[in-house]
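Structure, as C-alpha cells:
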Amino acid sequence: MGLPFKDIVTPRELPWSALSGRTVAVDGYNALYQFLATIRQADGQPFSDAEGRPTSHLIGSFYRTTSLLAAGVRPAWVFDGKPPERKAGTIRQRIEAKERAGEQWQAALAVGDLATARRRAAQTSHLTPPMVEETNELLGALGVPTVRAPSEGEAQAARMAADGVVWATASEDYDTLLFGAPRLVRGLAARRSSRAGAGAAQLIDRAELLAQLGVSGDELIMIGILVGTDFNDGARGYGPKKALKLAQEHLGWAETIARSGMDPNEADEVAEIFRHPSTTAVPSLEFRDPDAGRVTEILVRRHGFSEERVRSALERATRASARVSPVPPSPRGRQQKLDGFEEVPS
DNA sequence: CTATGATA
DNA sequence: TATCATAGG
C-alpha cells in the first residue's frame with residue numbers, strides 16, 4: 001500500500017462521461033481506511049451511533065456507493081483476505097504507528113490544538129472484522145457485488161480488470177499496477193466541481209505508463225521492490241527516481257538486484273507475490289436495485305441514520321442507474337483507447 | 001468522505 | 001446557479 005509512484009506516473013484526467021456505465025473494482029480496504037481517517041469531527045472523534053459503535057465506514061461506503069451509482073458508475077467492492085506472510089512486518093509497523101498517533105492525539109487535545117488532534121486521530125483508524133462484515137451487508141443491500149479476495153484485495157481487483165470483468169481498478173494506491181491491472185482510476189471521490197464537464201478522476205493506463213517509462217511490467221515490479229512495498233523495506237538510498245533510472249538500464253533481474261545491494265532471496269520472494277498473486281476467478285458481477293427496506297433496517301433502525309437522507313440518496317442512485325446502460329465488459333481488458341484527455345500536471 | 005442549507 | 005461552511009451518527 002502506498003508505493004511512492006507519484007513522481008514517475010503521469011495520469012490523464014478522466015471525465016465522468018468516460019466512466020459512466022462502466023464497472024470498476026473498488027479496493028475496499030483502501031476506501032474504508034480513508035473513510036475512517038476523514039469522516040471525523042473537529043476534535044478527531046470518529047462518528048458513532050447512540051450505543052457508541054463506529055459508523056464512519058458505513059457513512060462513507062453508503063454515500064460513496066450511492067453517489068457513484070447516481071453518476072452511472074458501477075462499483076464492485078473487493079476486500080482483502082489473508083495477508084501474505086511477508087506482510088507481517090508492515091502490519092506490525094502500522095500497529096505501532098497507530099499507538100504513537102493515539103498518544104499524540106491525546107497530547108494535542110490536552111493543549112487545545114484541534115488541527116493537530118484531528119490529523120493524529122486520522123492515523124489511528126482501526127478497522128475490525130465486524131465493521132468489514134457489516135459494510136458487506138450494507139453493500140449487498142445496495143445491490144452492488146462484493147468480492148472477498150483469497151489474499152490481497154489489490155491483486156484480486158487487478159485480475160478482475162485484466163480478465164475484463166471490470167473496466168478498471170479504483171484505489172488511491174498504485175499497487176494494482178504492479179499486480180498487472182491494465183487501468184487504475186484514482187481520485188474517484190473528488191466529484192465536486194465536475195458539474196460543467198470538467199473531469200475529476202485520474203486514469204493511469206498501465207501500457208501507456210510502461211511505454212512512457214521505457215520499462216517492462218517486470219521492471220515496474222523491480223522499481224516497486226527497490227523503493228519498498230508492503231512486503232519489503234526496499235533498497236537503501238533508493239527512491240522512485242533512482243529506482244526508475246536503474247531499471248531503465250535493463251541489466252536483468254539478478255544484476256539489478258545485486259547493484260542495489262538488496263538480499264536477492266528477499267527480492268525474489270516479493271517479486272513472486274506480484275507475478276503470481278493468489279486470486280480467484282470471478283465469472284460475472286450482478287448488480288441489482290437497492291433494497292430500500294434492508295438498507296433502512298441497517299442504517300436507520302440499527303444505527304440511527306436520518307431516514308430522509310437515506311431515502312433521498314437511494315432515490316438518486318436508482319433513478320440514475322435506470323437511465324444509464326452498462327458498458328459491456330471486454331475480454332482481456334483491452335478495448336477502445338481513451339485518447340485526447342488532458343495530462344494532469346502533477 | 002458526501003449532503004445540505006445559507007448566502008450572494 | 002455557484003460557492004462556502006458545516007452537519008452528519
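Labels below follow one simple rule: chain letters A, B, ... track the order of the sequence lines, proteins then strands, and each chain is numbered from 1.
Residue contacts for A:R316: at a heavy-atom cut-off of 4.0 Å it reaches the sugar-phosphate backbone alone, with no base atom in range. At a threshold of 4.0 angstrom between heavy atoms, the contacts of A:S48 include nucleobase atoms, whether or not backbone atoms are also involved. Using a 4.0 Å heavy-atom distance criterion, A:P46 is classed as a base contact. In this structure, A:S312 reaches the sugar-phosphate backbone alone: every heavy-atom distance under 4.0 Å involves primed, P, OP1 or OP2 atoms, never a base. Within 4.0 Å (heavy atoms only), A:S306 reaches sugar-phosphate atoms of the nucleic acid but no base atom.
Taking 4.0 Å as the cut-off between side-chain N and carboxylate O, A:E315 and A:R319 count as a salt-bridged pair.
Which of B:dT4, B:dA3, B:dC1 sits closest to the side chain of A:T38 comes down to B:dC1. Comparing C:dG8, C:dG9, B:dA3 by their nearest atom to the side chain of A:Y63 picks out B:dA3. Counting only heavy atoms from C-beta on, A:D49 has its side chain closest to C:dG9 among B:dC1, C:dG9, B:dT4. Relative to the side chain of A:F47, the nucleotides C:dG9, B:dA3, B:dC1 differ in distance, and C:dG9 lies closest.
Rounded to whole angstrom, the span from the CD atom of A:Q34 across to the C1' atom of B:dT2 amounts to 13 Å. Regarding A:L58, its CG atom lies at a distance of 18 Å from the P atom of B:dC1, rounded to whole Å. Straight-line distance from the CG atom of A:L36 to the P atom of B:dC1: 13 Å, rounded to whole Å. Straight-line distance from the CD atom of A:E308 to the C1' atom of B:dG5: 14 Å, rounded to whole Å. Straight-line distance from the CZ atom of A:F305 to the P atom of B:dA3: 13 Å, rounded to whole Å. Distance CZ (A:F62) to C1' (C:dG8): 12 Å, rounded to an integer number of Å. Look at CH2 on A:W16: it is 8 Å from P on B:dT2, rounded to the nearest Å. A:E315 has its CD atom 20 Å from the P atom of B:dT2, to the nearest Å.
If you check the side chains of A:E134 and A:H303, you find a donor sitting under 3.5 Å from an acceptor. A donor-acceptor contact closer than 3.5 angstrom is absent between the side chains of A:D289 and A:T318. Between the side chains of A:S278 and A:S151, not a single donor N or O lies within less than 3.5 Å of an accepting N or O.
Both A:L68 and A:F287 are members of a single hydrophobic cluster when ILVMFWY side chains are connected at heavy-atom separations under 4.5 Å.
Residue A:R64 places at least one side-chain N or O closer than 4.0 Å to OP1 or OP2 of B:dT2. Between A:T65 and B:dT2 there is no side-chain polar atom (N or O) within less than 4.0 angstrom of OP1 or OP2.
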